[in-house]
Engineer: 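Pasting in a structure now, in structure tokens, and then I'll have a few things to ask.
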Amino acid sequence: QKKKTDPKVNAELESKVMTFFYKKVKGRELSNFYEVEINIPDSSGKMRSFSNGELAFHGMKYIEIGYQISATESPTAAERSAKLIEFGERFEKSGEFGQLTGAQAKSKGGKKHGIEMSQQEIGMWSASRDEVQYKISQYKFDTYSEVREVLESSGDKILIHPAARDGDDKMEKVYWEGRAKLIQSESGENEIHILGENRLGNIWMDIRNKLTAKPITTTPVIQKSTLISTSISTPSVYTPTPTHSQTTQIATPAITPLRE
């Protein structure tokens, strides 16, 4: 069995992991709350403009589900589709919610204040949410020098968007965030384990690794403080700029509850 390591090894963990969130000075540019304009196409090819990544995430959520609902045979599809798209457009720069902060956008687009989703709609979003987030992150990287500088300066560190509210026993259900744990085995070797899906961190590492044509680093378990390599492909409807030409793909996960 494995036991938790002594606090003295925290320096090793910090040397191999970089956490990022909006209130942390270093790396805040990778957060969806970072206040920069986002211009990305929806699945129909129409360009959408948002004031920050979180507004883009939630706006595109309703817009994309609306498009998918319109293609179903439901007798109420047209009405439901129009309602979802109209609500999503409120998150655009020119919309009712267009100047909200990231935190306000998260609240407005979440379960409590957003439009309640059916299980079918949750499934639709679960299948397309990575693609939307990839577009947001790629646009930020391609457009803003400070984002590129942060990503490039992170070297080979594991990037983690930390989960602040969930205990270790609940991390299995956490999708966008993650948590690094440094564990010492009976042999005395330190092993970095990542709890949670850490999906946002993985997307940023994928974009970073294309700079040097490295395979993507995934983070379920990193044995003996080394990285596990695997292949991920880029979402098919979004083509990153020619500068970053390596093909990568985010695998579609099983359906999980909507992000708030």
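In what follows, every heavy atom counts, from backbone to side chain, and hydrogens, waters and symmetry copies are set aside.
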Engineer: Flag the pair R80 / E121 as yes when at least one side-chain heavy-atom distance between them is below 4.5 Å, and no otherwise.
Structural biologist: yes
Engineer: Suppose the criterion is ring-ring contact (aromatic ring centres under 6.0 Å, His included): which pairs have a residue in residues 101-121, not counting sequence neighbours?
Structural biologist: none
Engineer: Between R148 (side chain only) and D142 (backbone N and O only), is there a donor and an acceptor less than 3.5 Å apart?
Structural biologist: yes
Engineer: May I have the step-by-step check of side-chain contact (heavy atoms from CB on, under 4.5 Å) for S51 and Q99, ending in yes or no?
Structural biologist: CA-CA 6 Å; S51 297; Q99 300 307 312; 3.6 Å; yes
Engineer: What is the minimum heavy-atom distance between K106 and H58, and which atoms define it?
Structural biologist: CA-NE2, 3.6 Å
Engineer: Hydrophobic clusters here meaning ILVMFWY residues chained together by side-chain heavy-atom distances under 4.5 Å, can you tell me if W204 and I192 are in one?
Structural biologist: yes
Engineer: Taking the side chain as every heavy atom from C-beta outward, state whether M205 and N198 have any atom pair closer than 4.5 Å.
Structural biologist: yes
Engineer: Using a distance-only test with no angle check, is there a side-chain donor-acceptor pair under 3.5 angstrom linking Q133 and N32?
Structural biologist: yes
Engineer: If you take all heavy atoms of I160 and P162, which pair is closest and at what distance?
Structural biologist: O-CD, 3.2 Å
Engineer: Do any N or O atoms from the side chain of Y22 and from the backbone of E35 form a donor-acceptor pair under 3.5 angstrom?
Structural biologist: no
Engineer: Main chain of Y175, side chain of R199: is a donor-acceptor contact present, judged purely on distance under 3.5 Å?
Structural biologist: no
Engineer: Please say whether more than 12 non-hydrogen atoms of neighbouring residues, nucleotides or ligands are located less than 6.0 Å from NZ in K26.
Structural biologist: no
Engineer: How far does CD1 of I115 sit from CG of L84, to the nearest 0.5 angstrom?
Structural biologist: 5.0 Å
Engineer: For I69, does its backbone N or O pair with a side-chain atom of T72 as donor and acceptor, under 3.5 Å?
Structural biologist: yes
Engineer: Considering all heavy atoms of both residues, which atom of I65 and which atom of W125 are nearest to each other, and what is their separation?
Structural biologist: CD1-CB, 3.6 Å
Engineer: Please answer whether the main-chain N or O of G155 pairs with a side-chain N or O of R208 as donor and acceptor at a distance below 3.5 Å.
Structural biologist: yes
Engineer: Between R90 and E86 (salt bridge meaning N to carboxylate O under 4.0 Å), is one present in this structure?
Structural biologist: yes
Engineer: Show the nearest heavy-atom pair for residues L55 and G98, with the distance to one decimal.
Structural biologist: CD1-O, 3.5 Å
Engineer: Mind checking whether F97 and F87 have ring centres under 6.0 Å apart?
Structural biologist: yes
Engineer: Report yes if the side chains of E96 and K108 come closer than 4.5 Å at any heavy-atom pair, otherwise no.
Structural biologist: no
Engineer: Keeping the roles fixed (side chain from D166, backbone from E172), state whether a donor-acceptor pair exists under 3.5 Å.
Structural biologist: no
Engineer: I'd like to know if W176 and L159 are part of one continuous hydrophobic network [Ile/Leu/Val/Met/Phe/Trp/Tyr, side-chain heavy atoms within less than 4.5 Å].
Structural biologist: yes
Engineer: CD1 of I38 to CD of Q138: how many Å apart, nearest 0.5 Å?
Structural biologist: 11.5 Å
Engineer: V132 and E64: which non-hydrogen atoms are nearest, and at how many Å?
Structural biologist: CG2-CG, 4.3 Å
Engineer: Without swapping roles, check the side chain of Y62 against the backbone of G109 for a donor-acceptor pair under 3.5 Å.
Structural biologist: yes
Engineer: Given the rule in the side-chain contact (heavy atoms from CB on, under 4.5 Å) test, do E146 and V36 qualify, once you have shown the distances and angles that lead to the verdict?
Structural biologist: CA-CA 11 Å; E146 68 269 30; V36 287; 4.1 Å; yes
Engineer: Does some side-chain heavy atom of I85 sit less than 4.5 Å from a side-chain heavy atom of Y67?
Structural biologist: yes
Engineer: To check you understand the geometry: which heavy-atom pair defines the closest contact between S81 and G66, and what is its length?
Structural biologist: OG-O, 2.7 Å
Engineer: Would a 4.5 Å heavy-atom cut-off, applied to side chains only, mark E37 and S49 as touching?
Structural biologist: yes
Engineer: State plainly whether one hydrophobic cluster holds both F57 and I63, where clusters connect Ile, Leu, Val, Met, Phe, Trp and Tyr through side-chain heavy atoms under 4.5 angstrom apart.
Structural biologist: no
Engineer: Could you walk me through whether E89 and R48 pass the side-chain contact (heavy atoms from CB on, under 4.5 Å) test, one step at a time?
Structural biologist: CA-CA 9 Å; E89 289 175 340; R48 304 285 185 172; 2.9 Å; yes
Engineer: Is the side chain of K140 donor-acceptor paired with the backbone N or O of S31 at a distance under 3.5 Å, no angle test?
Structural biologist: yes
Engineer: Hey, could you give me the CE/OG distance between M18 and S153, rounded to the nearest 0.5 Å?
Structural biologist: 6.0 Å
Engineer: Are side-chain heavy atoms of Q68 and S128 found at a separation under 4.5 Å?
Structural biologist: yes
Engineer: Going hydrophobic residue to hydrophobic residue with side-chain gaps under 4.5 angstrom, can you get from I203 over to I136?
Structural biologist: yes
Engineer: To the nearest 0.5 Å, tell me how far I158 CD1 sits from T19 OG1.
Structural biologist: 12.0 Å
Engineer: Checking side-chain contact (heavy atoms from CB on, under 4.5 Å) for the pair Y139/N39: CA distance, chi angles, key distance, verdict?
Structural biologist: CA-CA 7 Å; Y139 180 84; N39 297 295; 3.0 Å; yes
Engineer: For the hydrophobic clusters of this structure (ILVMFWY residues joined by side-chain heavy atoms under 4.5 Å, transitively), does one cluster hold both F20 and V150?
Structural biologist: yes
Engineer: Can you tell me how far the CD atom of E92 sits from the CE atom of M47, to the nearest 0.5 Å?
Structural biologist: 10.0 Å
Engineer: What distance do Y134 atom OH and I40 atom CD1 have between them, rounded to the nearest 0.5 Å?
Structural biologist: 13.5 Å
Engineer: Using a 3.5 Å distance criterion without hydrogens, assess whether the side chain of T101 forms a donor-acceptor pair with backbone atoms of Q104.
Structural biologist: yes
Engineer: Is there a donor-acceptor pair closer than 3.5 Å between any side-chain N or O of K61 and the backbone N or O of R129?
Structural biologist: no
Engineer: Residues sharing F21's hydrophobic cluster, by side-chain heavy-atom contacts under 4.5 Å among ILVMFWY, directly or via others?
Structural biologist: none
